[in-house]
Amino acid sequence: MEYKNILLTVKEKTAFVTINRPDKLNALNNATLDELKHCFNAIKNDNAVNVVIITGAGEKAFIAGADISELNKLNTVEGKIFSEKGQEVFNLIEKLGKPVIAVVNGFALGGGCELALACHIRIASEKAKFGQPEVNLGIIPGYGGTQRLTRLINSGRSSEMILTGDLIDSHEALRIGLVNKVFSSEEIMSKAIEMAEKISTKGQIAVRMALRAIVSCNDTSESEGQNLESSLFAICCGTEDFKEGTLAFLEKRKPNFKNE
Ligand code: COA
């Protein structure tokens, strides 16, 4: 598939996905969602990729939401399809099986905030702004935001953001646990790459098993989750990486993981 709205590059085991519609503040139109779906499916099956970094092109925005010029034409039936399509793509990101880091470099509004929420780690630049302003348009978040935001920052804070439509800055986002870290615009990408490279040095079977257990929290009870955790732990115990990691510790040297 030829990408017209996103950029994909792979460097040193990290895939960089950039939403590339800066003149529309990287608003997610239908074509961009199709490209994201294709791109994340390709990344999922690409053994050369350990970690993904996703960001927005230009100086102003991560993603300023779903494309309102497409939104305003929807009827009831189309609205359901529209919402489910976005949910499907964002679920693909959340369940990719590889860590996805959102580098939120500007406005992350509506579907943009929801996409960041579907990622596993969110870091923000000083000038990032987060919000779910859908109520201003007479709609509600439709790409998983009511669920993921509420789980992440609690129902009181999520209700305030979704019901007022107010935007918050990156420091408030950090305070309420919406993002992990805040950096200046100049350093944010190098910090994200540093984090991605650090994750890449670990045994990738363990990284993926850990991620699977973490993501399962959304769909399972505590006891089902712990059952899954012990099964995934057991799988790790059967790997060469486990033997190497523990032996390296005992021999006081760095492990040489082979991801097997
Ligand atoms: N959908 C479609 N186009 C969008 C968009 C969106 N969600 N957000 C921004 N754009 C477009 C604008 O229409 C404008 O296009 P134009 O130059 O062809 O007129 C361009 O991006 C720049 O946006 P502009 O509004 O001029 O920038 P600004 O700095 O004055 O304001 C925002 C920035 C983010 C505050 C403002 O664009 C905004 O409120 N966007 C909508 C956010 C939203 O409601 N998202 C949720 C959608 S469900």
Side-chain angles (χ1 to χ4, degrees), residues 3-7 17-37 54-94 102-119 122-153 157-173 176 178-179 182 185 188:
Y3 300 143
K4 296 200 172 110
N5 302 286
I6 64 173
L7 302 170
V17 179
T18 306
I19 314 296
N20 191 28
R21 300 182 73 211
D23 53 324
K24 296 291 174 194
L25 304 189
N26 304 319
L28 293 176
N29 60 3
N30 201 31
T32 308
L33 276 183
D34 286 339
E35 291 179 19
L36 279 175
K37 182 175 173 182
I54 184 163
T55 194
E59 301 292 309
K60 256 174 104 171
F62 174 65
I63 299 165
D67 192 314
I68 299 170
S69 66
E70 289 184 352
L71 254 182
N72 88 325
K73 301 183 178 77
L74 300 178
N75 62 28
T76 306
V77 172
E78 290 161 345
K80 177 79 172 152
I81 294 166
F82 177 94
S83 170
E84 285 178 348
K85 178 172 179 174
Q87 288 177 354
E88 185 195 343
V89 176
F90 290 10
N91 288 344
L92 170 65
I93 294 173
E94 184 175 62
V103 169
V104 183
N105 53 322
F107 288 111
L109 307 182
C113 189
E114 290 171 293
L115 192 150
L117 289 166
C119 297
R122 285 158 290 284
I123 61 176
S125 82
E126 296 269 2
K127 63 177 190 186
K129 291 243 187 314
F130 295 81
Q132 297 290 165
E134 287 89 346
V135 284
N136 297 331
L137 305 171
I139 48 173
I140 68 169
Y143 290 171
T146 59
Q147 305 304 298
R148 290 196 178 96
L149 188 66
T150 304
R151 271 199 301 269
L152 187 66
I153 65 172
R157 288 174 176 145
S158 160
S159 299
E160 185 178 341
M161 280 183 73
I162 291 172
L163 303 182
T164 65
D166 285 348
L167 308 194
I168 60 170
D169 66 19
S170 49
H171 292 286
E172 178 64 358
I176 65 175
L178 178 47
V179 300
V182 177
S185 300
I188 186 170

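Counting starts at 1 for both ligands and their atoms, in listed order. Atoms considered below: every heavy atom in the structure, side chains included; atoms not considered: hydrogens, waters and symmetry mates. Fair warning: this is a prediction, and the values are worked out from it, not measured in the lab.
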*Step through the shown structure and confirm whether more than 12 heavy atoms of other residues, nucleotides or ligands are within 6.0 Å of CD on E160.*
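No, not enclosed.
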
Pick whichever of [options] has a heavy atom sitting closest to [atom].
atom: atom 5 (C) of ligand 1; options: P141, A27, G142; result: A27
atom: atom 27 (O) of ligand 1; options: E114, K60, K24; result: K60
atom: atom 43 (C) of ligand 1; options: G112, G110, G65, A64; result: A64

_Contact check, P133 vs ligand 1, heavy-atom distance below 4.0 Å_ =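 Heavy atoms of P133 do come under 4.0 Å of ligand 1.
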
*asked:* Any atom of ligand 1 sitting under 4.0 Å from a heavy atom of L28?
replied: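 It does not, in that no heavy atom of L28 comes within the 4.0 Å cut-off of ligand 1.
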
Closer than 4.0 Å to some heavy atom of [X] - which atoms of ligand 1 meet that?
X: D67; value: 1 (N), 2 (C)
X: L71; value: 48 (S)
X: L109; value: 34 (C), 42 (C)

*Side chains of S69 and D67: is there a donor and an acceptor less than 3.5 Å apart?*
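Distance-only check passes for S69 and D67.
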
Sub-4.0 Å protein heavy atom next to [atom]:
atom: atom 21 (O) of ligand 1; answer: yes
atom: atom 48 (S) of ligand 1; answer: yes
atom: atom 30 (O) of ligand 1; answer: no

*Can you tell me how far the CG atom of N91 sits from the CD atom of E94, to the nearest 0.5 Å?*
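It is 6.5 Å, given to the nearest 0.5 Å.
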
